[in-house]
Amino acid sequence: MNESRPTSMSAFWMPFTNNRDFKASPRLLVSSEGMYYKDVDGNSVLDGTAGLWCVPCGHAQPRITQAVSEMVGQLDFAPTFQMGHPAAFDLAEQLMEYTGHKFGHVFYTNSGSEAVDTALKMALAYHKARGEGGRTRLIGRERGYHGVGFGGLSVGGIGNNRKSFGPLLPGVDHLPHTHNLSKNAFSRGEPDVGAELADELERLVTLHDASTIAAVIIEPVAGSTGVLVPPKGYLKRLREICDKHGILLIFDEVITGFGRLCTPFASDYFGVEPDMMTTAKGLTNGVVPMGAVFSKRFIHDAFMEAPAGIELFHGYTYSGHPLACAASLATLEVFREQGIIENAKSLQPYFEDALHSLRGLPHVIDLRSIGLVAGIELEPIAGKPGARAYSAFKKAFADGILIRVTGDIIALSPPLILDKQHIDELFGKLANILKNLD
């Protein structure tokens with residue numbers, strides 16, 4: 001593998017990146033193992049973000065890399081249009097078992113963005129299959145992130161992600177976000193105030209009429225916008241309203257799925273079952289791109305009542321790619337055999353206490369956590385939104401820890417294989433950075 005600096009960095013247009021700033025002072029990673037990356041200069045960097053929320057089992061996990069290596073030598077590609085391969089079916093059965101059989105079917109995609117667009121299309125097609133084709137409206141939430149497809153952008157609610165791309169999909173509305181600094185700052189777990197915000201869905205039903213609404217999609221815990229934890233009772237109230245009006249409820253669990261809340265999924269943590277669930281990231285431990293939509297049986301069965309033929313005109317060339325299936329099967333095996341979630345659960349109180357030890361440091365206006373994910377909200381510099389957190393991000397990398405920032409919020413989501421020394425290193429270095437941050 002090439003561990004030297006590239007001869008030129010001009011051709012690669014980098015995603016979600018300040019390209020000019022990065023290329024003036026690049027941060028180049030060349031290898032990884034366990035909890036650490038190594039940069040091009042040979043420095044170790046503690047991974048405080050599980051890559052991009054997607055490496056729960058740690059880097060270079062031997063069982064997963066071996067499974068992918070074996071599969072690429074056996075079956076490098078197989079289409080899943082009108083044919084298949086055993087691993088795709090085996091994985092689907094194991095994923096349903098992993099959900100406790102709360103869902104009945106899996107549709108494979110290649111990313112969280114594709115999983116979201118797939119779930120939205122399924123919702124629309126489901127209602128049409130049942131003779132309710134007038135249900136075409138989709139409801140998202142302010143500050144929600146659902147990937148970068150046009151469907152996901154439309155139901156998403158982060159302004160900078162939307163503003164450059166025109167009017168997006170018609171017939172979309174949004175619930176208000178639940179973030180309330182004045183009443184819920186420095187919460188541990190679910191904040192106390194805000195469950196009543198779910199009743200805004202009743203207002204939208206009154207405005208648009210339930211017969212026009214196909215689905216509501218939300219992140220159980222909003223991740224990319226800065227770790228917004230739902231108030232106590234909020235998700236259960238949304239479920240009740242959706243049931244009352246025949247509206248499908250979709251949980252976007254691309255971030256929260258596969259152990260992030262110290263449970264298999266956020267739906268397990270909150271005790272609320274959606275009708276569909278989008279997943280990706282931890283599904284393959286980030287080793288091979290893959291996403292999936294988990295569907296309740298009644299949704300799938302509605303399509304099977306159509307005349308013989310293709311039931312859903314949708315899919316991707318790489319749906320159920322053999323390498324991705326091998327990676328996911330091995331990831332599930334590692335979760336089971338190595339007690340990944342059990343380790344995360346045992347360390348959750350220590351992680352939470354370490355986070356809240358930052359209270360009182362300069363510019364820290366909120367700390368919030370649930371499971372092994374944390375948000376640190378900083379007071380913005382006047383007239384320079386996002387500048388303070390971005391400065392912290394660059395200082396952190398130079399000091400050997402990888403954090404993620406969105407606006408002026410630092411988000412932490414380390415691999416679930418961590419131990420106390422990693423927590424001490426992560427928050428110890430971060431505390432020093434915050435103490436000296438302009």
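In this text, all values refer to a predicted model and were calculated from it rather than measured experimentally. When reading the values below, keep in mind they use all heavy atoms of this one structure, side chains included, and skip hydrogens, waters and symmetry mates.
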* Which value, rounded to the nearest 0.5 Å, describes the distance between Asp192 atom CG and Lys183 atom NZ? -> 11.5 Å
* Summary of salt bridge (Lys or Arg N to Asp or Glu O under 4.0 Å) pairs that have at least one residue in residues 310-320, sequence neighbours excluded -> none
* Is Glu253 salt-bridged to Arg260, going by a charged N under 4.0 Å from an acidic O? -> no
* Have a look at Val288 and tell me which of Val68, Asn110, Val72 forms a side-chain contact (heavy atoms from CB on, under 4.5 Å) with it. => Val68
* **Partner set under side-chain hydrogen bond (donor to acceptor under 3.5 Å, both in side chains) for Arg162, not counting sequence neighbours** => none
* Can you tell me if NZ on Lys429 sees more than 12 non-hydrogen neighbours from other groups inside 6.0 Å? -> yes
* Structure fact -> So CG of Asp366 and CZ of Arg359: to nearest 0.5 Å the spacing works out to 9.0 Å
* Asked: In this structure, which one of Leu197, Ile139, Ile247, Leu175 forms a side-chain contact (heavy atoms from CB on, under 4.5 Å) with Leu238?
  -> Leu175
* **N-O pairing of Asp275 and Arg239 below 4.0 Å** => yes
* Asked: CZ/Arg143 to CD1/Ile158 distance, rounded to the nearest 0.5 angstrom?
  -> 8.0 Å
* To do: For the pair Asp41 and Arg5, find out whether any cationic side-chain nitrogen is under 4.0 Å from an anionic carboxylate oxygen.
  => yes
* To do: Answer with yes or no after comparing the ring centroid distance for Phe150 and Phe165 against a 6.0 Å cut-off, counting only values under it.
  => no
* Asked: Are any of the side-chain nitrogens in Lys384 or Asp408 under 4.0 Å away from the carboxylate oxygens of its partner?
  -> no
* **Aromatic plane relationship, Phe265 with Phe294 - under 30° parallel, 30 to 60° tilted, over 60° perpendicular** => perpendicular
